[in-house]
Amino acid sequence: MRAKAGAAVTDATPVRHSALRSSLGLVAGKAAQTGAGFAFWIVAARATSDREVGLTTAAVSAVMICTQLAVLGAGSAVIVAIGRGERPSRILDAAFAIVGVAGTVLAIGYLALQSAVAPETASVSVLFWLTFLVAAVTGTLVIVLDQALVALGRGASATPRYVLGGAVSLGAAAAVALWAHGAPDDVLLACWTLGSAVACIVGAVQLRKLVGYRPRPSLRLGRGRPLLALGFPNQLLTLTERTPGLVLPLLLAHTVAPEAAAYWYPAWMMAWAAYQAPTLMGIVQFSEGVRDADRLVPTTWASLRWSLGLGGLGAAVLILLAHPLLSLLGERYADSSAGALRWLAAGLVPYAVLQAYNAVCRTRGRYTEAIVVGVTLGVALCASALSAADSGATDMALAWLLVLSIGAAVVGLRLVAVLRRVTEEAR
């Protein structure tokens, strides 16, 4: 059949992998990314001072905040639209254009705001500004790539993408550590950004091989408006999940001390490695729920079991090996953060319950309820951790765990009630 004139791509129908294979592949990819990230911070901690590491972690957290804001729910909207049978090319052209512009605007806006509000810790380096911009844009594009490939049943493609990106970033950091001891934060950020850029390029190649997609970003209102309408509620809900963990290092670096952020961030980053299992299982749960709403209940319980199984294994390793793992960064990190890592790793169980609840809310369209819960919980998490900042990272993490556990108990009861109602409606 002859393609329409001017068509951007020919949308092939990809071979769809099982939900389990897609989930495990996505978890494996993120695990590889996190492992490379941990190795990156080990090298960075030994290549420069605690202050420069703290400033770099604050910059990385800021990049991640920009990406979470800039995605505008486009990834979730892509999952819904592809699940409904719409053409991937039209959806992706609009999604990439929207998040590319949003990432650029937010990155520049953040840098300008930081220079005005916190000039004593803001970088004026041209390299820092350029790499921050590239990191924000490519990081946002990678989020959409991940969710598009999940919607196409190819979440396992994340593994080579993140392995290669992590290896490039780590290699750059190792080269800097060998040749430029005492590297400033802009050089460290540039090394970290290389990994994000490589992952973005590899993801684009994977999409082309899978569905013949060649990017032709379009900001036409007719394409972008429906995407934003689908994505905006999902975006707000995602922000309630991610913002507390991303904001806290920034608050520590700029209101307490850069060293406080340096000691908190490695513990949080390692715990987040375990949290990736419920986060990614939640994405797959949402995707499968959109495609087959009749299987929402068994899909939810299966996702929760896999979240606890995979994430719990990682959390157990972190609890047992907290001190040796942090010692790789230096004894001062182990002494300051080992207790915090153990408490944060224990938070895997309540976090998995929260992710399962949010995925059900996305599938059922219960956004207002989930957003209100998320905002309330997020504010409580940050407030409790900051209130304990003077006592050290361990007390901060304990306060975080207590608040997260209380929130999970509440939403867990609500999750059971919603699933019972779904079962009754199906009868």
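Numbering starts at 1 and runs along the sequence shown.
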Exercise for review: For Ser303, check side chain to side chain donor-acceptor pair (under 3.5 Å) against everything at least two apart and list the hits.
Suggested key: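 For Ser303 there are no side chain to side chain donor-acceptor pair (under 3.5 Å) partners, ignoring immediate neighbours.
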**Study point:** Non-hydrogen side-chain atoms of Asn358 and Glu241 separated by less than 4.5 Å
**Key:**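 Yes; the side chains approach each other to less than 4.5 Å.
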Review point. Hey, does Leu320 have a side-chain heavy atom less than 4.5 Å from the side chain of Arg342?
Key: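 No, their side chains stay 4.5 Å or more apart.
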**Study point:** Any donor-acceptor N/O pair, Thr299 side chain to Leu296 backbone, under 3.5 Å
**Key:**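 Checked: no pair found.
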Review point. Any side-chain heavy-atom pair from Thr243 and Ile65 closer than 4.5 angstrom?
Key: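 A side-chain contact is absent here, since even the closest heavy-atom pair is not under 4.5 Å.
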Review point. When you measure from the side chain of Arg362 to the backbone N and O of Phe286, does any donor-acceptor pair fall under 3.5 Å?
Key: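 A pair under 3.5 Å: no.
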Practice item. Please name all residues satisfying side chain to side chain donor-acceptor pair (under 3.5 Å) with Ser196, sequence neighbours left out, ordered by chain then number. Key: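 With neighbours one apart ignored, the set is Thr138.
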Point to revise | Pair Trp400 and Trp268, ring centroids less than 6.0 Å apart | key: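 When the ring centroids of Trp400 and Trp268 are compared, they turn out to be within the sub-6.0 Å range.
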Exercise for review: Would you confirm whether Ser169, through its side chain, and Gly165, through its main-chain N or O, come within 3.5 Å as a donor-acceptor pair?
Suggested key: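 Answer holds: no.
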Review point. What residues form a salt bridge (charged side-chain N to carboxylate O under 4.0 Å, His left out) with Arg364, not counting sequence neighbours?
Key: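 Partners of Arg364 under the salt bridge (charged side-chain N to carboxylate O under 4.0 Å, His left out) test: Glu425.
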Review point. Looking at residues at least two apart in the chain, or sitting in another chain, which of them share a salt bridge (charged side-chain N to carboxylate O under 4.0 Å, His left out) with Arg208?
Key: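 Arg208 satisfies salt bridge (charged side-chain N to carboxylate O under 4.0 Å, His left out) with no residue once adjacent residues are dropped.
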Review point. With sequence neighbours excluded, what pairs up with Arg366 under the salt bridge (charged side-chain N to carboxylate O under 4.0 Å, His left out) test?
Key: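 For Arg366 the salt bridge (charged side-chain N to carboxylate O under 4.0 Å, His left out) partners, ignoring immediate neighbours, are Glu369.
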Check your understanding: Is there side-chain contact between Leu145 and Gln206, with heavy atoms separated by less than 4.5 Å?
Key ->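 Leu145 does not reach Gln206 side chain to side chain.
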Exercise for review: Classify the side-chain pair Gln355/Ser307 by whether it contains a donor and acceptor separated by less than 3.5 Å.
Suggested key: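 No, Ser307 and Gln355 have no side-chain donor paired with an acceptor closer than 3.5 Å.
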Review point. Any side-chain heavy-atom pair from Trp272 and Tyr351 closer than 4.5 angstrom?
Key: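 A side-chain contact under 4.5 Å exists here.
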Check your understanding: Under the 3.5 angstrom rule, does the side chain of Ser337 hit a backbone N or O of Ala334 as a donor-acceptor pair?
Key ->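 Pair absent, no side-chain N/O of Ser337 close to backbone of Ala334.
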Exercise for review: Determine which pairs satisfy ring-ring contact (aromatic ring centres under 6.0 Å, His included) with at least one residue from residues 326-345, sequence neighbours left out, and list them in order.
Suggested key: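 For residues 326-345, and leaving out neighbouring residues, the ring-ring contact (aromatic ring centres under 6.0 Å, His included) pairs sorted by first residue read Tyr263-Tyr333.
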